[in-house]
**Q** 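Here it is: the structure, laid out below.
First the proteins, then the strands, lettered A, B, ... as listed; each starts at 1.
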Protein chains: 2
Amino acid sequence: MIMTQRAGGPRPVPTLEMVAALAGVSRATVSRVVNDSPSVDPELAQSVRKAIEALDYTPNRAARSLAKRRANSVALIIPESTSKVFADPFFTTVVQGIAMYLTDTDFTLNMVIASEAKPEKTRSFLLGGNVDGALVVSHHSGDHSWTHLSGSLPMVFAGRPLVGAEDAYYVEVENEAAACSATRLLTASGRRSIATIAGPQDMPPGIDRLAGWRTAVREAGLDDQLVEVGDFTLASGARAMQRLLDRGRPVDAVFAANDQMAAGAYTVIQGRGLRIPEDIAVVGFDDDSFATSVTPALTTVNHPIVELGRKMAETLVDMIEGRPTDRVTIMSTSLVLRDSV
Amino acid sequence: MIMTQRAGGPRPVPTLEMVAALAGVSRATVSRVVNDSPSVDPELAQSVRKAIEALDYTPNRAARSLAKRRANSVALIIPESTSKVFADPFFTTVVQGIAMYLTDTDFTLNMVIASEAKPEKTRSFLLGGNVDGALVVSHHSGDHSWTHLSGSLPMVFAGRPLVGAEDAYYVEVENEAAACSATRLLTASGRRSIATIAGPQDMPPGIDRLAGWRTAVREAGLDDQLVEVGDFTLASGARAMQRLLDRGRPVDAVFAANDQMAAGAYTVIQGRGLRIPEDIAVVGFDDDSFATSVTPALTTVNHPIVELGRKMAETLVDMIEGRPTDRVTIMSTSLVLRDSV
DNA sequence: TTGTATGCGTTATCAT
DNA sequence: ATGATAACGCATACAA
């Protein structure tokens with residue numbers, strides 16, 4: 001019987017020192033090869049690489065961080081109300097983009113869920129040199145209580161922060177313009193009573209999308225008072241739609257500030273025996289999974305969320321590396337026409 | 001004007017040494033306090049704690065890891081087909097549970113997306129002492145190519161792995177029993193042509209849920225050939241439903257192996273002018289966001305996914321800490337009755 | 001109970 | 001171009 005695996009427990013993790021010994025060079029040289037320093041003899045470098053390969057050596061992150069005074073990791077700050085946030089396709093998609101970008105760097109992604117009860121814990125973790133930067137995704141949560149750390153730690157936000165936007169780094173979607181275009185779809189098709197289910201008015205996306213809707217209905221000379229606000233959840237969208245319908249005034253179209261609320265609106269519209277789009281046209285915003293899981297499929301605003309996440313990570317890494325980078329980047333959107341209008 | 005903040009750039013990160021100096025003790029003592037060692041004078045401990053507070057000291061993770069030869073972090077392995085995985089509410093919810101549990105420990109969550117192109121990279125990262133354990137969530141992806149590392153690194157799987165289940169640690173949902181109960185809902189209400197949209201037959205959830213359905217239809221003396229398989233995506237559910245309807249045989253009920261596929265089925269059922277549940281009753285599995293975003297709301301199987309994630313993390317931490325822990329945990333489910341049956 | 005000294009695996013500074 | 005050697009911040013035998 002041939003033993004293909006050494007007995008005696010798991011093989012010890014190879015160290016730089018072992019590589020040095022095998023290659024017959026000093027640790028310094030191995031280190032140089034690992035960090036591909038230019039000043040190392042090509043031949044020597046080769047033999048070192050061979051030794052690395054042979055031992056399946058991987059640098060110890062902790063030791064490296066300690067020596068370089070650099071964590072090589074970035075934090076993903078998640079507001080405590082996690083249950084909401086994880087149910088939000090926007091959030092998960094941004095994270096996907098972030099994760100994908102970071103995979104190609106040697107930064108590690110640290111998820112830290114920020115307890116609102118003891119913010120100092122999070123604070124000192126972030127400032128304690130455990131991460132080199134932080135990403136904040138709170139699009140639909142409004143939690144921007146971390147903006148003040150921007151001065152002490154590289155930080156990038158998903159969406160313009162409500163306060164401190166003057167010097168914060170962020171990447172954002174062109175909410176207002178897109179909302180306006182989406183609403184124009186409705187005005188252009190002859191709808192005359194165009195309502196909106198707005199997002200919370202203390203969050204930039206909520207504010208901006210409402211503004212976009214208002215611009216469009218006004219320029220069409222229509223009533224701009226048909227607004228009810230929700231909180232971006234499906235249930236709140238349903239309630240808002242109810243209130244809209246209960247006003248007793250005709251409504252023949254509705255622009256929802258996100259797809260989840262649009263889906264909520266669907267349930268009450270169809271629940272009352274009204275047809276989409278014949279009786280009421282509806283358009284959403286985000287083009288997330290809700291848009292296609294609903295019948296009829298929802299016409300909505302698509303924005304490249306994965307790209308947004310990717311860009312956030314890229315910006316952060318650039319900041320950390322000291323490379324120049326844009327403080328704010330605006331992602332453009334597109335209308336995706338389906339069957340709800 | 002009172003200066004509340006020192007000028008001269010960011011305050012240097014406080015070290016254990018500085019705390020020791022301020023408290024007038026040795027670094028060893030501070031270290032003991034930090035790791036709350038029992039053998040330290042309560043009074044002294046207090047003054048040390050005061051110093052820690054005053055300096056806002058946080059232990060440097062890298063240094064600590066290096067000294068303890070422990071990363072204090074666990075990896076969350078994500079299959080490369082990330083786009084699919086992030087769109088899967090099951091995945092994100094499990095992650096939520098994991099994150100929530102870890103927040104209360106001092107383990108950090110490392111998201112590593114496993115490139116299938118160069119698995120050695122992931123392998124040596126995992127085995128290189130950079131993490132103390134790994135969590136793999138591939139419920140709907142079937143990627144269990146990491147089972148073989150179980151011997152070298154504490155690992156916990158979400159869902160029974162297809163291979164190596166004999167010694168793998170995992171936490172799983174009682175898929176078969178739940179699928180059976182769900183289907184009985186249909187047989188009990190008098191449906192006679194009960195189809196199923198099954199999941200992939202190379203994934204345990206796909207296999208087990210189909211088995212559960214089969215048990216129920218057989219015990220009711222019904223045809224057990226009305227099965228089409230999908231891949232857990234909405235689109236595949238729609239296609240499967242189409243095939244089912246195109247068989248030319250009447251179908252008055254369908255059990256979908258997950259809610260997304262059920263939602264897909266909705267689109268074609270309603271697209272053909274059939275009513276749910278009058279013409280066709282449908283029941284899903286998972287009770288995710290799709291279940292309530294659809295009209296009529298979907299009757300489905302609820303399982304505590306957050307808890308599943310939490311349990312995974314707990315199991316892994318126990319393994320790492322050397323505490324005894326159950327190798328396999330089965331989470332129980334419940335039926336949630338809504339309007340689709 | 002407390003302090004001293006050494007090691008953890010790398011990088012960086014300095015000679016050579 | 002390469003090799004000693006000293007940090008990096010903390011934990012831990014061991015000594016006191």
Side-chain angles (χ1 to χ4, degrees), chain A residues 11-49 51-52 55-73 106 108 124-125 127-132, chain B residues 11-49 51-52 55-73 106 108 124-125 127-132:
Chain A
R11 176 178 54 83
V13 177
T15 71
L16 193 155
E17 169 125 39
M18 298 169 59
V19 175
L22 181 58
V25 300
S26 74
R27 297 177 308 181
T29 299
V30 178
S31 178
R32 290 189 185 100
V33 171
V34 170
N35 297 284
D36 27 49
S37 151
S39 62
V40 52
D41 184 275
E43 244 176 283
L44 244 189
Q46 258 318 312
S47 73
V48 168
R49 266 187 267 275
I52 290 179
L55 263 39
D56 190 24
Y57 164 77
T58 309
N60 179 299
R61 288 178 56 85
R64 176 177 276 190
S65 293
L66 190 54
K68 299 179 94 143
R69 256 145 311 180
R70 226 233 219 184
N72 266 296
S73 78
D106 51 28
T108 246
S124 54
F125 174 81
L127 263 34
N130 300 306
V131 294
D132 305 311
Chain B
R11 177 177 53 82
V13 176
T15 69
L16 194 156
E17 169 127 40
M18 298 170 58
V19 174
L22 181 59
V25 299
S26 74
R27 298 180 309 182
T29 300
V30 177
S31 177
R32 292 188 184 101
V33 172
V34 169
N35 298 285
D36 28 50
S37 151
S39 63
V40 53
D41 184 274
E43 245 177 283
L44 243 190
Q46 258 318 310
S47 74
V48 169
R49 266 186 265 277
I52 290 179
L55 264 39
D56 190 24
Y57 165 77
T58 310
N60 179 300
R61 288 178 56 84
R64 176 177 277 191
S65 293
L66 190 53
K68 299 180 92 145
R69 257 142 311 181
R70 218 225 225 195
N72 266 296
S73 78
D106 49 28
T108 247
S124 53
F125 175 81
L127 264 32
N130 299 306
V131 294
D132 305 310

**Q** Is any side-chain heavy atom of A:Val34 closer than 4.5 Å to one of A:Ile52?
**A**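 With C-beta onward as the side chain, the pair touches.
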**Q** Which atom pair, heavy atoms only, marks the closest approach of A:Val25 to A:Val30?
**A**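 Minimum heavy-atom contact is CG2-CG2, 3.7 Å.
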**Q** Strictly distance-based, threshold 3.5 Å: is any side-chain N or O of B:Asn60 a donor or acceptor partner for the main-chain N or O of B:Ala62?
**A**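 Pair found, side chain donor or acceptor close to backbone of B:Ala62.
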**Q** What string of B, S and - do you get for nucleotides 8-16 of chain D 5' to 3' if you count protein non-hydrogen atoms under 4.0 Å?
**A** BBBBBB---
**Q** To the nearest 10°, give me the bend of the helix from C:dT1-D:dA16 to C:dT16-D:dA1, comparing the axes of its five terminal pairs at either end.
**A**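 Inter-axis angle at the ends, rounded: 40°.
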**Q** With the side chain counted from C-beta on, respond yes when A:Thr58 and B:Phe125 share a heavy-atom pair under 4.5 Å apart, and no when they do not.
**A**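 A side-chain contact is absent here, since even the closest heavy-atom pair is not under 4.5 Å.
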**Q** Quick check: does any side chain N or O of B:Asp132 sit under 3.5 Å from a backbone N or O of B:Ala71, one acting as donor and the other as acceptor?
**A**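 Looks like yes, one N/O pair under 3.5 Å.
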**Q** Would you kindly give the CG-to-C1' distance between A:Asn72 and C:dT11, to the nearest whole Å?
**A**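 Atom CG in A:Asn72 sits about 12 Å away from atom C1' in C:dT11.
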**Q** Any side-chain heavy atom of B:Asn35 within less than 4.5 Å of one from B:Arg64?
**A**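 They are in contact (side-chain heavy atoms under 4.5 Å apart), so the answer is yes.
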**Q** In whole Å, what is the span from the CG atom of A:Asp36 to the P atom of C:dT11?
**A**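 Going from CG in A:Asp36 over to P in C:dT11 covers 11 Å.
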**Q** What are the two closest non-hydrogen atoms of B:Asn72 and B:Arg61, and how far apart are they?
**A**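 Heavy-atom minimum between the residues: O-NH2, 2.8 Å.
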**Q** What's the shortest heavy-atom distance between A:Pro14 and A:Leu55, and which atoms?
**A**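 That would be CG-O, 3.4 Å.
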